Amino acid sequence: MEATFYIAGAVAVIATLLVVMSYNLIHALLYLVVSFLAVAVVFFTLGAPFMAALEIIIYAGAIVVLIIFVIMMLNLTYEDVQQEKSWLKPSVWIGPAILSLVLLAELVYLVVAVEAPGTVSVSVEAAAVGMALYGPYMLGVQLCGILLMAGIVGAYHLGRQKKKIVHRFLERRAAS
Amino acid sequence: MAELLWLIPALPFAGALLLVLLGSRLPRALVTTIGVGSVGISAAVTLLLGIEYLSESPAFYHQVVWNWFNVAGFSPSVAFHLDALSMVFIFVITFVGFLIHVYSTEYMAHDPDYARFFACMNLFVGSMLVLVMADNLLLLYLGWEGVGLCSYLLIGFWYKEKANGYAARKAFIITRVGDTAMAIGLFMLFQTFGTLHIQTISTEAVQVWDTDARMAVIIAFLLLGGAVGKSGQLPLQTWLPDAMAGPTPVSALIHAATMVTAGVYLIARMHVIFELAPGAMMAVAVIGAITLLLAGCAALTQYDLKRVLAYSTISQIGYMFLALGVGAWSAGVFHFMIHAFFKALLFLCAGAIILALHHEQDMRRMGGLQKKLPIVFWTFLIGAASLAAVPLVSAGFYSKDQILWLQLAGENGNIWLYLAGLLGAFITSIYTFRMVFLTFYGESKTHVGHQPTMAIKLPLIILAVLSLVGGFIELPHNFGHVVLFSDFLSPILPTISVVPDFNRYEWMLQLLAAVVSLSGIFIAYLIYLKKPDLRASLHRSETAMAVHRFWHSGWGFDKLYDTLLVRPYVFLAKVNKDDVIDSFYTFLTRLAEAFHDLFSDSQTGLVRNYVMGIVVGAIMILTITIFL
Amino acid sequence: MSSIPMEAGLLLAGILFVIGMVSVMIRRNVIFMLISVEIMLNAAGLAFIVAGSHWAQPDGQIMFIFILTMAAAEVSVGLALILQLYHHLKTLDSDAANFMKG
Amino acid sequence: MILLWLIVLLLAGGLLAWIAQRWHPSAPRWIALFTVLSSLLLTMLLWVNDGASPTDTAWLIRLEQPWIPQWGVGFSLALDGLSLLLLLLTFFLGLLAVLISWREIQHKVGFFHFNLLWVLAGISGVFLAMDLFLFYFFWEVMLIPMYFLIGIWGHEKKRYAAYKFFLFTQASGLLMLLAILGLYFIHGNQTGTYTFNYFELLNTTLAPVAARWLMFGFLAAFLVKLPVVPFHSWLPDAHSQAPTAGSVILAGLLLKTGAYGLLRFVLPLFPTATVEFAPWAMLLGVIGILYGAILAYSQTDLKRLVAYTSVSHMGFVILGVFAFNEWALQGVVMQMIAHGLSTGALFILAGFLYERLHTRDMNKMGGFWTTAPKMGVMALVFVMASLGLPGLGNFIAEFLTLVGAWQANNWLTVFATIGLVLATAYSLRIMQKVFLERNLKQQVLPDLTFREMLIAAPMVVLMLWLGLYPQPVLDLAQPAIKQQLQAYTPAVPAVTSPAPQTAFYPPATDSTYFQKMKGETYEFK
Amino acid sequence: MNSNDFLHLMPLLILTFGAIINMLVISVWRNHKIIYVITALSMLAAFGSLLEQRTLGPHHIDPLFIIDGFAVFYMGIILLTALLISMLSYAYFEQREEQKEEYYLLLILSTLGACVLVLSKHFASLFLGLEILSVALYALIAYLRKRERSDEGGIKYLILAAFSSAFLLFGMALVYASAGTMEFAAIATAIASAGGLSLLMLTGFGMMIVGVGFKLGVVPFHMWTPDVYEGAPAPVTAFIATVSKGGMLGLLIRFFMEVDGFRYPALVLIFTIIAVASMFVGNLLALMQRNVKRILAYSSIAHMGYLLVAFLAGNEMGVQAITFYLVAYFITTVGAFGIVAMLSDKVRDAELLSDYKGLLWRRPWTATIFTAMLLSLAGIPLTGGFVGKFYILAAGVNTGLWLLVVTLIINSVIGLYYYIKIIAVMFQQPDAATEATARLRPAIYVASMGTLTILALLLVGIGIYPTALLNLIATVLDSYSTVAFR
């Protein structure tokens with residue numbers, strides 16, 4: 001089980017890195033799915049199988065699909081990939097990378113420096129989660145509903161389209 | 001009669017007030033009446049009071065008009081104190097003042113600012129009277145500054161000329177320097193005595209201080225500072241020659257007869273303090289001696305008739321200081337009185353000449369006036385004789401002789417001071433008669449326009465008579481021994497004791513003085529009338545001319561002060577016109593703006609950078625948690 | 001079941017979090033930014049799960065569910081906004097959206 | 001209650017004046033005139049009724065109303081001689097300010113008078129407030145309308161000047177607020193009652209360090225307002241850019257609030273700290289006197305010149321305040337009043353000239369005496385007052401201040417006295433440049449009109465009155481000053497050694513304060 | 001959940017209910033006025049239900065909520081502010097073509113989120129409240145879809161808010177990992193039993209501060225403020241400046257007081273640095289700014305810095321000071337943005353300084369109100385801002401935070417400059433051309449003018465006679481607050 005955790009963790013990190021480094025959106029999304037799957041495995045090893053399932057269903061399933069839909073609507077082309085490439089110059093990412101490394105180092109230091117806690121990993125079954133969710137956290141669930149309502153209303157208002165979006169590439173071609 | 005004391009200064013003040021308020025609307029005759037009349041009545045009151053004073057001979061008259069203010073025991077009053085010393089002064093001020101007012105009615109007849117002139121003159125007389133009658137030093141200070149103001153106004157009377165304004169300001173500021181010293185003296189007096197009441201101070205000073213007490217010396221020096229400023233003595237004499245920019249009656253009244261002698265009055269008035277400070281007394285004498293020599297030399301080289309008289313005034317006040325400095329108080333005051341007569345006379349004559357010659361003041365363009373202005377000539381001659389101390393006949397001889405004599409014979413006598421005085425007398429007679437010869441003899445160079453009428457002649461004649469006979473009230477004891485004047489003053493001013501050994505030399509010294517005076521006249525006669533070659537050869541000599549120029553500029557004092565004080569001050573002021581301190585605050589705002597620009601540039605509008613900002617913040621926070 | 005040290009789990013979450021963070025900083029494409037933020041949220045969720053399993057409580061997992069909900073809502077609004085932005089700017093370049101600065 | 005009504009009257013008058021503009025363009029002027037006049041009369045009535053009857057305390061009237069009881073803030077006003085004098089000055093100058101704006105202000109008349117009256121209300125509040133919170137409240141309230149007065153009706157650089165004025169005074173005021181709060185908490189911790197009441201706070205005992213810092217807080221506000229030299233730089237700009245009425249109020253009244261604060265708060269609250277600081281304060285005063293004078297001398301802008309003379313004159317105030325004796329403080333009070341009049345008068349003069357010539361540049365003036373002799377005479381009196389000519393109020397003020405200061409510090413007083421010479425230099429420069437010399441441009445300057453004479457003549461009369469018979473003023477201020485000085489008077493009253501009396505000399509009302517010892521200077525403990 | 005719980009949650013229920021009704025009405029009949037009325041009524045009703053709470057006393061709804069005096073007061077001001085904003089919004093949106101109805105829906109939802117924030121005593125409810133607030137705000141900011149700036153503001157806010165939420169979440173996870181609980185009180189107990197902050201916990205707090213700091217818009221998490229303020233419609237800007245920040249601040253106070261963060265120098269140091277930096281950076285940024293909305297944004301950064309001074313003072317007085325200041329600040333900000341909204345026209349918001357030139361002579365009353373608002377922001381007497389600032393200073397002095405207090409004073413002066421700059425612009429001579437052309441309908445104009453006038457009077461009222469408000473704060477906060485003071 002431990003080995004599974006570490007392997008899955010490594011996969012997750014690598015896949016996420018690839019997400020960050022790939023130029024093509026679709027490729028990146030695929031790597032993202034991989035990453036999510038790996039994290040789901042991690043969840044499983046940590047004794048949260050229900051969450052693993054949710055991770056796959058909602059993150060890898062719903063959210064990524066949503067993004068892919070939008071990408072499809074936007075009709076991205078090879079040119080965009082090239083552009084993405086040109087944006088990712090070392091001069092752009094070196095500064096943030098250093099900053100992040102500093103932050104990471106600090107985080108690692110802070111987390112590791114913690115006096116060794118118990119290393120138990122008890123599986124918390126879906127039932128327990130459900131009991132808690134619809135017990136004490138009942139109001140939280142209601143709030144989730146409200147949150148989703150806000151999201152939906154917002155997305156609805158902002159997403160309404162009256163005019164067809166024409167990609168600037170097509171526009172340019174039409175102009176020439 | 002003593003109740004009328006307040007009237008003496010009040011009348012001129014009232015005149016001034018009336019003229020200020022209504023001046024421009026009144027007819028000239030009424031202005032004349034108010035202007036001259038107020039001083040005239042004041043003189044009459046003075047006369048009545050004087051007669052009463054002489055007959056009653058009280059210690060003094062005193063009248064509190066009102067309590068000026070009272071702060072924690074400091075309560076000067078507006079109160080007048082009349083004793084013999086003040087009597088002499090108010091007599092001179094009102095009478096000579098009256099004569100000069102009368103004279104002015106003609107002299108200023110055609111001036112558009114006739115009313116303003118008389119307003120200022122009245123104000124001056126009033127202030128001067130307050131000065132000499134004040135029973136406390138603060139009131140004296142009021143008069144003191146008041147006359148300064150009037151002096152300023154009258155020097156700059158013809159204000160359209162820039163130079164006049166400059167001279168007026170110079171006079172005010174320089175005298176104010178002295179006043180400042182005096183003010184500090186007053187603070188110290190108040191600190192010691194808790195009052196500025198003159199009589200109290202005089203009685204208490206002897207109890208509080210030993211002779212040569214440090215405080216006394218310092219105070220005496222500070223008061224001397226005030227006196228020096230007002231009286232045009234070294235080193236604050238430079239304003240007086242320039243003060244001749246004012247109308248001639250002003251020069252006669254203020255810058256010859258009365259105001260400039262305020263210093264003499266102050267020292268005489270505070271003689272108790274000075275007696276406690278021998279060092280200061282010595283300083284008074286030395287200042288007097290040096291001033292009389294320097295001013296005499298400067299007078300030798302002036303061409304402007306009034307400037308000669310101005311330097312001569314400085315020089316003559318030097319004599320008074322000389323007298324005061326050795327403790328010959330009454331001699332000093334006596335010379336003040338006589339000087340007032342003859343110097344006023346000389347100025348008025350000069351005024352008559354100037355008026356006659358269409359405001360020509362340069363002696364090189366005068367000459368031959370002996371025939372054309374006979375009355376002026378004779379009265380001028382009498383004045384000149386008095387100034388040059390022509391023996392026996394002139395009042396100036398007696399007053400000056402007394403001073404010279406007491407330099408040697410007085411208990412504080414000093415041979416060097418005597419010699420300086422003697423040399424001064426010699427120079428005096430030279431420049432006096434240089435003036436006479438250049439103006440009245442030789443060929444006529446300018447057309448005579450205006451013949452003096454009664455309003456001018458009468459004051460001239462009266463003053464001439466006084467210049468002749470004034471001396472007879474105080475004659476040396478080997479020579480009639482009349483001591484009316486010193487007797488009169490003796491209750492107020494201590495008499496000087498004479499070293500008896502000197503008595504037998506007195507006649508020799510008088511002879512010496514007479515010879516010096518006459519030889520000076522003779523030399524002037526030689527150079528300026530008899531032997532023009534001599535003069536020409538002097539003019540050819542380089543050294544002589546250099547000395548001439550140096551003396552002409554009044555020993556370069558003006559230039560010295562200009563480079564040492566005025567220019568640096570003006571420079572400093574001009575350089576700092578925009579206030580360096582302000583630039584500090586400007587710098588602060590610039591700093592704030594610079595920071596604004598810096599921060600403003602950080603607001604790039606790019607999300608990436610904003611994210612970076614958050615990350616930096618997070619790193620900062622984590623760093624703090626690590627290291628703390 | 002097993003004994004995975006909590007630090008390891010938190011470290012993994014931290015690493016994922018930081019990777020997501022870098023990505024937000026270096027990407028100019030708005031969609032990428034949104035994806036990166038999702039990675040970060042996911043990492044935070046992972047941290048909750050780790051902590052929850054450490055204490056053997058369901059609370060961590062419940063927080064994860066909430067995070068999931070929030071991520072969904074956020075992505076939906078975000079995508080709508082991105083569409084809108086694209087509509088205006090004809091690009092996904094976030095740098096192009098800098099009318100407001102200074 | 002009458003004190004409250006005084007302030008309310010002004011506030012209400014201001015509002016009414018603003019509104020009244022709708023009815024008639026000159027209605028605000030009349031309303032303002034009437035309001036200020038009635039305030040003046042009311043205050044004079046107070047003087048006649050209460051001022052003459054000295055009670056055992058210095059306070060003539062007191063008013064205490066709860067305001068914010070949670071914080072121990074009360075609406076407490078009190079009137080003593082000092083306040084009364086300053087109120088009289090306030091309303092007198094206020095009246096002149098209204099009159100002077102009669103023709104000068106032609107647009108937004110209503111709003112102008114609103115601001116004018118509110119400034120006056122704020123100033124009155126400052127002079128009356130006996131609760132530190134309330135004091136600070138009024139202190140700030142008077143700034144805003146002043147800011148508007150400068151900023152709207154000022155001259156060419158009005159905005160810059162208005163900002164500068166506001167920022168300086170506000171910054172310093174906040175520091176004072178800090179000190180007030182410090183005092184509040186220290187007092188509260190000591191006694192358990194948290195209050196801003198002045199009378200209560202007087203009983204606070206302070207540790208030396210705390211006292212020092214708190215004093216600096218208060219000083220910050222007052223020294224900037226006064227202004228003392230390194231903090232003066234707002235003043236020339238504000239004074240020269242403000243409309244005439246604004247300048248008059250700034251110079252005549254706003255500066256006085258600083259002096260008033262020193263007297264009322266700094267002296268009694270921090271008796272030990274002030275003594276420690278006194279030499280430095282006096283040094284600042286002397287620097288102010290000399291520095292202001294030098295700067296005044298170099299100015300060509302008439303109003304700027306006069307502004308710098310204020311810097312110089314206010315140097316005397318701080319010099320006197322920190323001498324801690326009655327002469328100096330009486331001098332300071334006199335200086336406040338006399339300077340209010342004389343500088344106000346000079347600004348009014350500048351206003352007259354500006355109205356005629358549309359310039360303040362003295363290089364473009366000259367020789368106006370010929371055509372405007374009345375104005376010349378007035379100017380002469382004002383100028384002479386400014387240079388401290390005896391017989392006018394400023395002389396008494398300066399002399400008393402210097403006499404008092406001399407007791408405290410000889411050398412600094414010497415330098416301060418030198419300031420008199422410099423004052424002569426700059427004051428005469430005004431006369432010279434404006435009224436004397438030749439009128440090169442041949443400008444025909446109309447002489448003062450009746451309305452203008454109505455403004456100028458009372459000032460001359462008052463100045464003369466103050467110079468020749470200042471006793472009523474001094475009497476009025478005396479109990480108040482004694483009270484401020486309580487902490488400084490040596491515990492054992494000075495031995496009364498009767499001054500030697502001689503038969504004819506006036507009774508020795510003269511000091512009994514002094515130990516007359518040979519050659520020894522009297523030292524103040 | 002029992003009926004008592006429902007009673008205590010009444011405001012939230014009413015708001016939810018209002019939102020649902022709105023949604024239903026929209027689906028049936030789109031009408032601006034009706035929606036507006038429903039919104040206003042539901043907010044009013046929610047506020048009214050609060051009055052009932054006064055008598056009920058503190059009530060825990062474990063594990064998520066606590067309803068005590070503190071919560072009630074903050075909810076009260078949030079609801080009132082939201083109500084005022086909705087009133088101003090009506091005029092603002094009336095003249096715009098956009099579909100207006102969803103706006104009110106979102107407004108209610110985000111208000112609800114803010115209310116949840118101040119009620120919460122658990123990470124979950126904190127997080128959910130925050131997110132409801134944020135998600136609704138994303139849409140509100142970008143509400144005017146035709147405006148590029150609106151979009152830009154929305155996307156910026158979305159990315160940054162999600163980013164900072166991630167930090168907040170990660171921090172919460174760490175705290176949870178360390179403490180084993182997510183309830184504030186339990187965390188405090190855990191800390192106490194552990195005998196101090198463990199490093200992990202401290203790290204968690206640190207990362208949470210990032211999230212909280214972002215919402216508050218304090219340096220260095222402030223950079224979004226100007227852009228979002230500028231991009232959002234004026235009423236929404238007012239909402240962000242008041243409700244959103246106020247909710248977060250309420251939560252921060254509760255949490256910090258509960259765990260007694262003042263005992264840990266690291267946290268105090270962090271907040272001190274943040275406060276000082278916020279004051280300086282905010283004010284300096286606003287200094288030469290020429291866009292009124294941005295000026296107000298920058299000034300809000302500084303004001304948050306001021307509030308943190310009182311926050312760091314930390315005792316009862318500090319909390320009361322914050323509360324008082326918040327009330328004054330809410331009134332002022334709503335008033336200021338209300339005026340911006342009122343002067344805006346169809347094309348763009350009145351946000352440039354030049355739009356205000358000569359306002360005092362064109363619209364004297366509006367300008368006077370605006371002047372009062374600005375003076376209040378600057379902390380000048382006669383306005384509530386002065387009393388608030390005074391209170392904060394007093395709290396600071398009382399605790400002896402001299403560095404912060406002096407910084408505050410310096411910054412008040414810097415701040416004064418740009419406030420009076422706006423005032424100065426208002427009393428310049430107007431250009432002839434700047435006369436506003438399009439006027440609101442008289443009825444709406446009167447309504448919004450009335451709202452603004454009430455605000456101004458309120459402001460001056462609490463400036464001159466703060467006793468009543470002080471009393472209210474003291475009684476409501478003291479009598480049954482569970483917020484533990486040092």
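This structure is a prediction, so every number in the text was calculated from the model and none was measured. So that the names make sense, note that chain A is the first sequence line, chain B the second, and so on, each numbered from 1.
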Side chain, backbone, both or neither: which part of E:Arg147 has a heavy atom under 4.5 Å from chain C? backbone
E:Arg149: side-chain hydrogen bond (donor to acceptor under 3.5 Å, both in side chains) partners, not counting sequence neighbours: E:Glu230
Given heavy-atom pairs under 4.5 angstrom as the criterion, report whether the side chain, backbone, both or neither of E:Met288 touches chain C. neither
Can you measure from CD (C:Gln84) to NZ (E:Lys146) and round to the nearest 0.5 angstrom? 9.0 Å
Side chain / backbone / both / neither for E:Met172 at chain C, heavy atoms under 4.5 Å: both
Please find the pair of heavy atoms, one from C:Met6 and one from E:Leu200, that lie closest to each other, and give the distance. CE-CD2, 4.1 Å
Could you tell me how the ring of E:Phe170 sits relative to the ring of C:Phe17: parallel (under 30°), tilted (30 to 60°) or perpendicular (over 60°)? tilted
Top residue by heavy-atom pair count (under 4.5 Å) with chain E, among C:Met70, C:Glu38, C:Met33? C:Met70
Rounding to 0.5 Å, atoms CZ (E:Phe167) and CG (C:Leu41) come to a distance of 11.5 Å
Non-hydrogen atoms of chain C under 4.5 Å away: do they reach the side chain of E:Leu174, the backbone, both or neither? side chain
Between C:Leu10 and chain E, which part of the residue has a heavy atom less than 4.5 Å away: side chain, backbone, both or neither? both
Shortest non-hydrogen contact between E:Ala173 and C:Ala47, atoms and distance: CB-CB, 3.5 Å
Kindly say whether E:Ser178 contributes a backbone atom to a donor-acceptor pair with the side chain of C:His54 at under 3.5 angstrom? no
Taking atom NE2 of C:His87 and atom CD of E:Glu148, what is their separation to the nearest 0.5 Å? 9.5 Å
Which atom pair, heavy atoms only, marks the closest approach of E:Leu169 to C:Ala44? CB-CB, 3.6 Å
What is the distance from atom CG of E:Leu158 to atom CD1 of C:Ile82, rounded to the nearest 0.5 Å? 7.5 Å
E:Ile159 versus C:Val37, closest heavy-atom pair with distance: O-CG2, 4.2 Å
May I ask you to list the residues in residues 179-186 of chain E that approach chain C closer than 4.5 angstrom, counting heavy atoms only, ordered by number? E:Ala179, E:Gly180, E:Met182
Grab the two heavy atoms, one from E:Tyr176 and one from C:Phe48, that are nearest each other, plus how far apart they are. CD2-CD2, 4.0 Å
Residue part contacting chain C, namely of E:Phe127, when any heavy atom lies under 4.5 Å: side chain
Residue by residue, scan residues 20-30 of chain C and write down, ordered by number, those that have a heavy-atom distance under 4.5 Å to chain E; if none do, write 'none'. C:Met21, C:Val24, C:Val30
Find the one option among E:Arg294, E:Gln289, E:Glu131, E:Lys156 whose heavy-atom pairs under 4.5 Å with chain C are most numerous. E:Arg294
Report, in residue-number order, which members of residues 59-69 of chain C are under 4.5 Å from chain E by heavy-atom distance. C:Asp59, C:Gly60, C:Met63, C:Phe66, C:Ile67
Between C:Leu81 and E:Ala142 the two heavy atoms that sit nearest each other are CD2-CB, 3.4 Å
Would you mind checking which part of C:Ala13 comes under 4.5 Å of any heavy atom in chain E, side chain (CB onward), backbone (N, CA, C, O), both or neither? both
Which atoms of C:Met40 come close to chain E, meaning under 4.5 Å heavy atom to heavy atom: side chain ones, backbone ones, both, or neither? both
